[in-house]
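Have a look at this one before I ask anything.
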Number of protein chains: 2
Amino acid sequence: MPNKDTYEVILEVAINLFSKKGYNSVTIKEIANEAQVSEMTVFRHFNNKLNLFNKSFAEYVYIPKFKEFFENDLTYNLKDDLLKISQLYQETMENNKKIILMELKNDELITNPQSPLDTFPLKLKEKLVNYFLTMQKKGLIKQERDLEALTINFLSTNFGLFFNINCLPEMLKEVSLEDCIKDYIDSLIES
Amino acid sequence: MPNKDTYEVILEVAINLFSKKGYNSVTIKEIANEAQVSEMTVFRHFNNKLNLFNKSFAEYVYIPKFKEFFENDLTYNLKDDLLKISQLYQETMENNKKIILMELKNDELITNPQSPLDTFPLKLKEKLVNYFLTMQKKGLIKQERDLEALTINFLSTNFGLFFNINCLPEMLKEVSLEDCIKDYIDSLIES
DNA sequence: TATGTTAGTTAGTAACAACTAACATTTTGT
DNA sequence: ACAAAATGTTAGTTGTTACTAACTAACATA
């Protein structure tokens with residue numbers, strides 16, 4: 001019964017609307033209209049609204065890039081690595097922006113104990129702490145530095161930048177995201 | 001007609017629910033029940049749902065503390081000032097947490113062109129840039145440093161920390177918010 | 001005692017949204 | 001050109017929700 005194309009169109013529209021307005025503020029009719037499809041077609045493809053939501057939510061593009069990077073592409077030059085990680089982070093967040101918003105707006109609906117939005121930063125944190133530990137052993141990070149705090153701050157800054165760019169674009173009018181990241185990493189390295 | 005007490009109780013419950021579940025997911029019945037009041041009482045006090053939402057939203061405790069601090073309490077010791085500002089920031093965000101969540105979840109409802117969640121960081125940014133400029137002139141910040149980027153990073157880190165503490169408490173299990181802030185500011189100062 | 005204020009109760013309306021069913025129409029592959 | 005698959009249309013059911021109206025009960029105060 002299903003046609004892959006219309007299925008995808010409906011999913012895309014659904015993600016868009018759910019992330020913009022939240023689950024309960026979106027109607028099937030609205031989704032159908034925007035997807036240029038009849039209401040019935042939506043039901044035929046997804047059975048019910050909640051299932052549509054879950055299917056949208058499962059669209060999260062998981063983070064294989066990070067795994068690969070930490071396994072193969074580290075240079076162990078602090079500046080280069082951190083820059084690359086920041087870029088990867090911003091990319092990943094950008095790609096999954098809508099899903100992330102969807103989770104923020106509908107957290108009560110997400111029963112999955114380990115949703116990707118939660119596990120992603122935690123896994124990344126683990127990898128970063130390990131990386132910093134290696135660098136500390138190599139003498140490239142001061143011995144007295146608290147690596148947990150350093151990691152959390154690194155992730156927090158990156159998240160904060162992502163948030164500000166998307167929710168407060170006025171803030172980043174005079175300076176680009178890239179400049180901010182460079183500034184932050186430069187100041188990190190000097191200590 | 002209105003009794004100040006029940007009015008406040010209803011408002012408080014409403015803020016709670018709106019911030020947790022979003023406008024359209026909350027019913028008047030629900031609010032009434034949780035406030036231990038009949039549905040009618042809610043309507044008598046607030047006329048309609050949207051008005052209740054707006055009244056809740058207006059509860060935002062604006063930032064007079066910051067104004068005062070920047071006018072009177074600056075020490076012009078970079079470390080002390082930044083620590084204090086971070087503390088004030090976290091306090092303000094904590095106090096207005098629910099309202100902030102309310103805005104995030106219902107941004108489409110907020111027609112007000114200049115909502116406090118938007119203006120607060122922008123005003124703070126202005127003040128911070130000015131402060132950093134003064135400090136740069138005093139020679140306490142390197143001449144080549146981009147102050148816009150520095151400010152945005154400072155705010156982003158603080159926001160990121162606030163977000164992580166509230167939405168990803170697991171992240172901050174082994175290290176306290178205060179430790180992270182100290183670590184961040186220490187590393188800022190060394191550059 | 002009388003009166004006004006505040007809140008509860010009950011019943012009901014109007015609108016809307018999720019979802020179903022039956023049938024008609026278009027599109028697609030062969 | 002034909003059959004099957006995909007989509008549209010229409011009408012209706014069911015449940016929910018914002019909101020109204022009319023009436024009642026408790027209580028404070030003058």
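All chains are named by letter (A, B, ...) in the order of the sequence lines, taking the proteins before the strands, and each is independently numbered beginning at 1. Below, each value reflects all heavy atoms present in this structure, side chains not excepted, and no hydrogens, waters or symmetry copies.
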Using a heavy-atom cut-off of under 4.0 Å over every strand shown, decide if B/Ser38 touches base, sugar-phosphate, or nothing.
base

What nitrogen or oxygen pairs link the protein and nucleotides 22-29 of chain D at under 3.5 Å?
none

So which protein N/O to nucleotides 11-18 of chain D N/O distances come out below 3.5 Å?
unit_1: D/dA18; atom_1: OP1; unit_2: B/Val26; atom_2: O; d: 3.4
unit_1: D/dA18; atom_1: OP1; unit_2: B/Lys49; atom_2: NZ; d: 2.9
unit_1: D/dA18; atom_1: OP2; unit_2: B/Ile28; atom_2: N; d: 3.1

Would you tabulate the nitrogen or oxygen pairs shorter than 3.5 Å linking the protein to nucleotides 13-15 of chain C?
none

What does the list of N/O pairs under 3.5 Å between the protein and nucleotides 28-30 of chain C look like, with a distance for each?
none

Who passes side chain to side chain contact (heavy atoms under 4.5 Å, CB included) against A/Asp186, sequence neighbours left out?
A/Lys79

With a 3.5 Å distance limit and no angle check, can you tell me whether B/Glu190 reaches the backbone of A/Glu190 through a side-chain donor-acceptor pair?
no

Look at atom CD of A/Glu126 and say whether more than 12 heavy atoms of other residues, nucleotides or ligands are closer to it than 6.0 Å.
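Result for CD/A/Glu126: open.
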
Give the C-alpha distance, both sets of side-chain angles, the deciding distance and a yes or no for side-chain hydrogen bond (donor to acceptor under 3.5 Å, both in side chains) between A/Asp81 and A/Thr75.
CA-CA 6 Å; A/Asp81 284 342; A/Thr75 69; 3.0 Å; yes

Compute the centroid of each ring, for B/Phe163 and then for A/Phe159, and state whether the two points are separated by less than 6.0 Å.
yes

B/Gln87 atom CD, neighbour heavy-atom count above 12 within 6.0 Å
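Check passes, neighbour count above 12.
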
Over all atoms of both residues, closest heavy-atom pair of B/Ile165 and B/Leu172
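Nearest pair, atom of B/Ile165 first, then B/Leu172: CG1-CD1, 3.6 Å.
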
With sequence neighbours left out, write down each residue that passes side chain to side chain contact (heavy atoms under 4.5 Å, CB included) with A/Ser187, or none if nothing qualifies.
B/Arg145, B/Leu188, B/Ser191

To the nearest Å, how far apart are A/Ile10 CD1 and D/dA6 P?
13 Å

Spacing of B/His45 atom NE2 relative to D/dT20 atom C1', expressed in whole Å:
17 Å

Taking everything shown except A/Glu108 itself, do over 12 heavy atoms lie less than 6.0 Å from its CD?
yes

Is it true that, when you exclude B/Glu12 itself, more than 12 heavy atoms of the residues, nucleotides or ligands shown sit nearer than 6.0 Å to its CD?
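No - once you tally the heavy atoms of other residues, nucleotides and ligands closer than 6.0 Å, there are 12 at most.
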
Please answer whether the main-chain N or O of B/Gly22 pairs with a side-chain N or O of B/Asn106 as donor and acceptor at a distance below 3.5 Å.
no

Atom CD of B/Glu30 to atom C1' of D/dC19: distance rounded to whole Å?
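So the CD-C1' distance, B/Glu30 to D/dC19, works out to 17 Å.
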
Is there a continuous path of hydrophobic side-chain contacts, each under 4.5 Å between heavy atoms, that joins B/Ile152 to B/Ile181?
yes

Tell me whether the count of non-hydrogen atoms from other residues, nucleotides or ligands lying under 6.0 Å of NZ in B/Lys98 goes above 12.
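For B/Lys98, atom NZ is not crowded (no more than 12 foreign heavy atoms under 6.0 Å).
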
Examine D/dG8: is either OP1 or OP2 under 4.0 Å from a nitrogen or oxygen in the side chain of A/Thr41? Give yes or no.
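For A/Thr41, the contact criterion (side-chain N or O under 4.0 Å from OP1 or OP2 of D/dG8) is met.
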
